[in-house]
2 protein chains.
Amino acid sequence: MVKKKEDTIAIRISRALAERIIAGEIDPGAKLRQDHIAEEFGTSHVPVREAFRRLEAQGLAVSEPRRGVRVASFDLGEIREVAEMRAALEVLALRHAAPHLTKAILDEAEEATRAADKSRDVRSWEEANRRFHRLIITPCAMPRLLATIDDLHAASARFLFSTWRTEWEATTDHDHRAILAALRQGDIDNAASILARHVQRISRKPVKTASGAVRESFAIVG
Amino acid sequence: MVKKKEDTIAIRISRALAERIIAGEIDPGAKLRQDHIAEEFGTSHVPVREAFRRLEAQGLAVSEPRRGVRVASFDLGEIREVAEMRAALEVLALRHAAPHLTKAILDEAEEATRAADKSRDVRSWEEANRRFHRLIITPCAMPRLLATIDDLHAASARFLFSTWRTEWEATTDHDHRAILAALRQGDIDNAASILARHVQRISRKPVKTASGAVRESFAIVG
DNA sequence: AATCTAAATTTTATCTATAATTTATAAACC
DNA sequence: GGTTTATAAATTATAGATAAAATTTAGATT
């Protein structure tokens with residue numbers, strides 16, 4: 001969380017708010033009041049409004065003219081949507097990245113997989129998982145595609161944290177290893193098809209709501 | 001071009017600028033100066049800055065902190081990128097939309113194809129073409145996916161107008177008809193694969209530059 | 001003539017103040 | 001009691017002023 005000196009206040013605020021929304025510190029549907037946020041950050045509300053526009057673009061907030069901005073809410077349908085978009089776009093990125101993947105990159109991706117497997121909490125698992133996915137697709141050198149995928153990963157992380165806010169059980173990620181094995185053999189089709197299935201894997205877990213009732217919660221775990 | 005009363009000034013400005021950028025009225029790389037634009041629209045620069053953030057999100061402008069905003073420039077690589085992203089995402093959308101496509105929708109799409117074929121200028125061809133694509137995928141009911149595709153269509157239109165600014169020769173769109181035929185037969189796989197090839201068709205045309213030299217210009221024509 | 005430096009100008013980013021709208025509250029009415 | 005209707009409070013959106021950077025211009029120096 002480096003706050004570069006060159007960054008504008010609006011950018012810093014949007015990053016800070018994005019983190020909170022992803023971490024689930026602000027509930028879906030909650031109102032974001034520009035004056036309150038401005039006061040908290042010790043600024044005027046003008047840069048706050050610009051930060052809102054950035055969050056909107058990432059799909060983390062929704063805004064209605066003159067009626068304010070609220071944290072984007074989500075349901076199972078949107079989780080599926082994000083999973084399918086990720087599958088389509090990450091496969092596309094992987095196919096372009098594959099010819100440029102080096103042994104060094106694949107080794108680093110394997111290291112990320114090990115880090116994910118031994119993570120004791122969701123946050124570090126998510127970080128390692130994202131590192132894996134990013135490593136194998138970045139060499140595609142398609143900036144617009146990568147930016148879109150980044151936003152989808154932010155949404156995924158949000159779903160994940162909302163479901164596994166506290167507890168997390170370590171598992172061995174067989175998919176990641178299978179993808180790496182296929183890539184090492186040069187079998188791109190196989191790697192792509194495992195990846196597609198992998199990011200569409202949606203896991204469910206019973207979660208207690210504030211009222212004491214138990215509902216099913218869902219998240220992308222790939 | 002309805003300017004809804006409910007819309008905020010920032011939204012109106014971003015729409016107006018987006019149109020100009022897509023139409024090629026402002027050159028790629030040109031600086032967008034907030035005070036000048038504010039003066040032109042008779043406002044202060046605060047809503048102009050918000051409009052800039054929206055354009056940035058659509059990929060129509062790029063901004064560097066404290067150094068201003070400029071119209072996004074593009075090259076053949078980015079055109080290919082947009083084409084491939086469209087192929088991946090429109091196919092995904094079509095697969096989800098297909099079960100909900102009615103005869104009425106397909107008839108309307110066929111009408112859009114006819115309108116495209118008899119268009120005498122790029123603008124109306126683009127409008128009809130976009131209508132076709134939108135009609136067959138909208139029933140997927142995946143708002144995030146559709147929003148992303150819309151931004152890609154805006155980019156496509158920009159490439160198109162930059163190449164065929166003036167002249168345009170009417171052609172018969174066999175792909176659209178083949179897609180509709182496949183959909184009417186319920187052959188979704190076939191429709192999807194024609195669509196994927198269709199939106200990746202990039203056409204080239206020699207274009208005279210300001211200095212008198214002739215360069216090749218490219219655009220997505222699907 | 002080319003290049004470096006310093007002042008002048010332009011432009012971006014932010015703040016404070018104000019207008020316009022929406023939301024919340026309370027009184028009046030059926 | 002519940003529903004309107006007015007009034008007050010909070011909130012969003014914009015304007016105008018100011019500070020901070022970047023860019024340009026002009027002059028000095030080599």
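Note that this is a predicted model, so its numbers are computed, not measured. Below, chain A is the first sequence line, B the second, and so on; all start at residue 1.
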Identified side-chain contact (heavy atoms from CB on, under 4.5 Å) counterpart of Arg86(A) within the set His198(A), His133(A), Gln200(A): His133(A)
Angle of first-five versus last-five pair axes in the helix from dA1(C)-dT30(D) to dC30(C)-dG1(D), to 10 degrees: 10°
Tabulate below the donor-acceptor pairs under 3.5 Å that side-chain atoms of residues 72-79 of chain A make, not counting sequence neighbours, or state none.
{"residue": "Asp75(A)", "atom": "OD1", "partner": "Gly77(A)", "partner atom": "N", "Å": "3.1"}
{"residue": "Asp75(A)", "atom": "OD1", "partner": "Glu78(A)", "partner atom": "N", "Å": "2.9"}
{"residue": "Glu78(A)", "atom": "OE2", "partner": "Arg144(B)", "partner atom": "NH1", "Å": "3.4"}

Checking side-chain polar atoms at under 3.5 Å, does [X] have a donor or acceptor matched by the opposite partner on [Y]?
{"X": "Ser124(B)", "Y": "Asp121(B)", "answer": "yes"}
{"X": "His153(A)", "Y": "Glu126(A)", "answer": "no"}
{"X": "His96(B)", "Y": "Glu84(A)", "answer": "yes"}

Base-contact (B) and sugar-phosphate-only (S) positions in nucleotides 11-17 of chain C, heavy-atom cut-off under 4.0 Å, - elsewhere: SBBBBBB
Passing candidate, salt bridge (Lys or Arg N to Asp or Glu O under 4.0 Å) with Glu127(A), options Arg123(A), Arg131(A), Arg130(A): Arg131(A)
Parallel, tilted or perpendicular: ring planes of Phe132(B) versus His176(B), cut at 30 and 60 degrees: parallel
